[in-house]
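First comes the structure, then the notes that go with it.
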Amino acid sequence: MAMSLGRTVLARAARRSLSSSSRYNINNNASILGGAFNNNSRWFSSYPPHEVVGMPSLSPTMETGTIAAWNLGEGDSFNAGDSICTVETDKATVDFEAQDEGVVAKIIVQAGGGEIPCGTPILVTVEDEADVPSFKDFVVEAAAPATAPVEEAAPAPTPAPTPVAAAPTPAAAPAAAAPTGERVLASPRAHTLAKEKGYGEISALRIVGTGPGGRIIAQDVLEYDPSSAPAPVVAETTTAAAAATPAAAAPAAAASTPLPEPVQGPGYTDYSLPTSAMELASRLHTSKQNVPHYYLSIDLSLESLMELRSSLNSTMKLDENDGGISVNDLLMKAAAAAMKTVPAANASWMENFIRVYDSVDINVVVGNGSSLYAPVIRDAGRRGLKALSDDVAAATAVVEGEEGSDPTTVPGFGDVGTFTMVNLGMFGVKSAAPIIREPQACALALGVIENRIVPNDDAESEEIYKESVMMTATLSCDHRVVDGAVGAQWLSAFKNHVENPVTLLL
């Protein structure tokens, strides 16, 4: 199926598991990517084809919202991107935008009616304007009895109770299971388009829905290419990968499920993404929206650190290629030591309290592109340099696909630690501002190691300047947890451990 790469990532990232199987997303410009359709969005025999729209969830912690104003009235038509109503939350006021075209048939909840739990029906939409009068006396209670039989008849396509972190994985399950005759969640327009294009019933097609909760929308049908539809074996493999242990799910799925070939279009090429890449994109997308980021940078002198590394590797008679200590290993240990000095940075925002962790578990970003992973290195503060180095080397071996490596033997894949560290120096990047991965409060980006001309701090030297091995480090902080003073204290402690690396051996 020819599908835009960016659109797929955004649609996957917009999903969030709710008890009503509805999923939504917003951005900082107050725009919703998708609709909010819950399990009440069934086609009941007493009404024409329609959709019951629920109150969208605008953040991972939102439970209720208030409709400030309806921007459309009953009988009004809308297209994808049109603002249907304005929703107020405890954090922001945003527009609820349509993802598909349709007609407003019935407004169930009036504006200013108080707080509404997420997933509660607020609106009914139809495809044909002529069907609007049929919903004049529509009430939610009339739809409720029909929900139970439908759920009993189709228990399989209910992946919503799975953890949020694994949301992108079950999203493809409805499409894979469709040919077995089970119900597929799709918009009325999608059903009509499938028949107009001669595809027949949409349940007989292997279309991967990009709408909320895996719902098939009109655009999915327009972009559907029968020749590139996934084979049934893909569904079985994806299901098996989703059932794998959390520690190995991401790399195992990437290794066992081959990606479809790139799809050529008029002036573009669409590339499929592995579930691990979509999961990471979803996490980062949500974090960037919810976390108030700010950034602090500092320059580090690495001369003493590199001397210590050389001394340690010489003592062990090892080099980097033979399992020796790398500069990155020492920097990771310095970050863990800084957490001991400033434990307030090793924490998480928990809405009404802040949780400070005893163990420093660091997600180290390895690989790139579709092979980008961030395995967690456990208890980095209490373990030795060689043990940390071995864990990072094992994770790198899995990502690079070295022969004999087994993802199930590598601890931490798919887990989220208490801190993230990414080193972009290998690409010649001087500095970067990383996105914080919730529920973490900080992320550290390391730049390239380079020789710089700096002021000479040797009082006895006649030279004003000297050449020094330097690096720039940038710390991203969640201002709800780590304010500017605490962030500065952490960077100061990190700099002290890097420039006086003997402290790492204490």
Side-chain angles (χ1 to χ4, degrees), residues 14-44 47 50-76 78 80-100 102-126 132 135-148 150-151 158 160-161 164 167 185 187 211-215 286 289-290 351-352:
R15 297 178 186 169
R16 174 173 175 263
S17 176
L18 295 173
S19 59
S20 60
S21 298
S22 52
R23 308 186 180 200
Y24 322 92
N25 198 19
I26 66 169
N27 59 28
N28 291 333
N29 294 322
S31 171
I32 292 185
L33 290 173
F37 298 92
N38 62 16
N39 280 343
N40 289 331
S41 57
R42 310 290 186 183
W43 293 9
F44 308 108
Y47 292 98
H50 66 281
E51 297 284 355
V52 179
V53 182
M55 168 62 72
S57 175
L58 308 180
S59 73
T61 58
M62 175 182 167
E63 296 181 355
T64 61
T66 302
I67 297 176
W70 284 101
N71 301 325
L72 296 176
E74 294 180 357
D76 290 345
F78 57 85
D82 290 348
S83 175
I84 296 179
C85 65
T86 301
V87 179
E88 291 182 352
T89 72
D90 57 342
K91 297 180 180 178
T93 299
V94 297
D95 286 337
F96 176 16
E97 295 184 357
Q99 187 174 354
D100 227 336
V103 181
V104 177
K106 178 72 175 180
I107 294 177
I108 301 175
V109 179
Q110 299 301 319
E115 293 189 345
I116 306 169
C118 294
T120 301
I122 62 173
L123 173 73
V124 179
T125 65
V126 294
V132 172
F135 294 87
K136 180 179 179 181
D137 300 322
F138 179 90
V139 291
V140 177
E141 289 75 15
T147 304
V150 174
E151 292 180 347
T158 54
V164 174
L185 186 60
S187 70
R215 176 174 174 267
T286 302
Q289 291 178 329
N290 297 336
E351 293 301 329
N352 57 351

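We count residues from 1, following the sequence as given.
Nearest heavy-atom pair across D76 and G73 is OD2-N, 2.6 Å. Of all heavy-atom pairs between C85 and I67, the closest is CB-CG2, 4.4 Å. Considering every non-hydrogen atom in both A69 and A111, the closest pair reads CA-CB, 3.9 Å. Of all the heavy atoms in C118 and P56, the pair that sits closest is SG-O, 3.9 Å.
Taken from CG in D82 to CZ in F96, the straight-line distance is 12.0 Å, to the nearest 0.5 Å. In this structure, the separation between CD on E115 and OG1 on T64 is 3.5 Å, given to the nearest 0.5 Å. Considering CG of D137 and NZ of K106, their distance stands at 7.0 Å, rounded to 0.5 Å. For the atom pair I84 CD1 and I122 CD1, the distance stands at 8.0 Å (nearest 0.5 Å). Within the model, atoms OG1 of T125 and CD of E51 stand 5.5 Å from one another, a figure rounded to the nearest 0.5 Å.
Each of V124, L72, V53 was compared with V104 under the side chain to side chain contact (heavy atoms under 4.5 Å, CB included) criterion, and only L72 meets it.
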Side chain to side chain contact (heavy atoms under 4.5 Å, CB included) evaluation trace for D100 with F78 = CA-CA 8 Å; D100 227 336; F78 57 85; 5.7 Å; no

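Using the six-membered ring where Trp is involved, F138 and F135 have ring planes that are tilted, between 30° and 60° apart.
A distance-only check finds a donor-acceptor pair linking the side chain of E74 to the backbone of I107 [under 3.5 Å]. Between the side chain of W70 and the backbone N or O of V109 there is at least one donor-acceptor pair closer than 3.5 Å.
Counting only heavy atoms from C-beta outward, the side chains of I108 and L123 never approach each other to under 4.5 Å.
S83 pairs by the side-chain hydrogen bond (donor to acceptor under 3.5 Å, both in side chains) definition with N71, not counting sequence neighbours.
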